[in-house]
Amino acid sequence: MDRLLYPGAASSLSSQLIRMIDEKILAQTDTQEKYAPDLITLYVSPEKWDAWQEAIPTLNQVASEVEASWLEQGYQFRVPLRIHLAQNASLAIDAIEISTALTLPTADTSKTELQIMVPETPAEAVIPERAYFIVNGKEAVYLKKSIIKIGRRSTSDIQIEDPMVSRDHLQLRAKQGRYLLFDLSSTGGTFVNNQAVKTATLKPGDVVRIGKTLLIYNQDVPGTGSNPTMMMAPGE
């Protein structure tokens, strides 16, 4: 969880989850056996939705470890633990809400797994018009896809030949006419305007630094006639 959240948020989320599980167990007065909640829903902001989608494998592991921990302490589950992920448009960008529930005894769930709740009204992946990076002050690289992978890997949409850049360093996702940036747990980190970030919404003039490479984000005025290339070299 520390890899997904900003410092301090992971421990806060864990504390909140433990408290809510305790309350749910203590609230059971109609049964002799006490069952731990088997359904956890995490509500995140729409801006963070894509980042959490990328974190599915980690969250799946979290579900299994939480269940194993409570079983070791003698608690029981009616069905294996599940985690739901849902959007809440009223949340601040970094806010997270949690709800817990008990599944009815007749529910048929065969294994512990992360179940993704698809938003009712998913935001359309509108690609920003004539958005581009200026790489190391030299080359303009236009961004024309809804998902753009950036790194040293040869199969990256934008390959950067910088030894300080990870093979899979960061990803851009188009959403509602803007690009959202996500650091892919890179070794050296991603910086926007000299601030280390895990996620960020790019705006014209933002300077993205990965390794020794500078990527200046901008959006061109239609009709300028620029002719960008898609090959780039490390900064000199």
Side-chain angles (χ1 to χ4, degrees), residues 3-9 43-55 87-96 119 121-152 156-160 162 164-166 168-235:
R3 296 197 301 270
L4 304 178
L5 306 172
Y6 51 90
Y43 296 92
V44 300
S45 65
E47 292 84 358
K48 290 284 189 173
W49 177 256
D50 289 328
W52 284 94
Q53 293 290 308
E54 295 291 330
Q87 289 191 38
N88 184 342
S90 65
L91 289 177
I93 186 169
D94 287 321
I96 301 170
T121 56
E124 185 179 359
V126 179
I127 300 175
E129 293 186 9
R130 298 181 67 81
Y132 63 96
F133 277 135
I134 296 176
V135 184
N136 290 325
K138 297 179 180 180
E139 297 176 290
V141 180
Y142 277 87
L143 311 173
K144 300 180 179 180
K145 299 174 61 178
S146 60
I147 300 178
I148 299 173
K149 295 181 180 180
I150 301 175
R152 283 194 295 114
S156 299
D157 297 303
I158 300 179
Q159 183 183 9
I160 299 181
D162 180 340
M164 297 183 67
V165 170
S166 297
D168 301 302
H169 200 106
L170 65 87
Q171 183 180 99
L172 302 181
R173 284 179 175 261
K175 187 172 185 179
Q176 297 180 329
R178 298 185 295 176
Y179 271 115
L180 306 184
L181 177 152
F182 301 96
D183 180 88
L184 301 177
S185 298
S186 64
T187 301
T190 298
F191 298 80
V192 176
N193 301 327
N194 291 323
Q195 296 294 321
V197 300
K198 293 290 182 69
T199 67
T201 300
L202 294 179
K203 61 183 183 297
D206 281 347
V207 179
V208 179
R209 175 167 60 84
I210 53 177
K212 293 184 178 180
T213 301
L214 294 180
L215 309 170
I216 301 176
Y217 179 78
N218 218 324
Q219 289 182 253
D220 207 357
V221 177
T224 58
S226 299
N227 184 26
T229 65
M230 292 302 294
M231 297 300 294
M232 55 184 75

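These values consider heavy atoms only, across backbone and side chains, with no hydrogens, waters or symmetry-generated copies. The structure displayed is predicted, hence computed values, not measured ones.
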What distance do [X] atom [atom1] and [Y] atom [atom2] have between them, rounded to the nearest 0.5 Å?
X	Y	atom1	atom2	value
F191	D183	CZ	CG	9.0 Å
D168	S186	CG	OG	10.5 Å
S146	K175	OG	NZ	12.5 Å
N218	L202	CG	CG	11.0 Å
M164	R209	CE	CZ	8.5 Å
I216	N136	CD1	CG	9.0 Å

With a 4.5 Å limit on heavy-atom distance, are the side chains of [X] and [Y] in contact?
X	Y	result
V208	L181	yes
H169	T190	yes
F133	L143	yes
I127	K144	no
I134	L215	no
L172	I150	yes

Can you name the closest pair of heavy atoms from [X] and [Y] and give their distance?
X	Y	value
Q219	Y132	C-CE2, 3.9 Å
A174	V126	CB-O, 3.6 Å
W49	Q87	CE3-CG, 3.1 Å
V135	V141	CG2-CG2, 3.8 Å

Would you find a donor on one side and an acceptor on the other, under 3.5 Å apart, between the side chain of [X] and the backbone of [Y]?
X	Y	value
S166	T187	yes
S45	I93	yes
N193	D206	no
R152	V165	yes

side-chain contact (heavy atoms from CB on, under 4.5 Å) between R173 and F182, intermediate numbers included
CA-CA 8 Å; R173 284 179 175 261; F182 301 96; 3.9 Å; yes
Can K145 and D157 be counted as an ion pair, charged N to O under 4.0 angstrom?
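A salt bridge links K145 with D157.
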Look at the aromatic rings of Y217 and Y179 and report parallel, tilted or perpendicular, splitting at 30° and 60°.
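Taking Y179 first and then Y217, their aromatic rings stand perpendicular (interplane angle over 60°).
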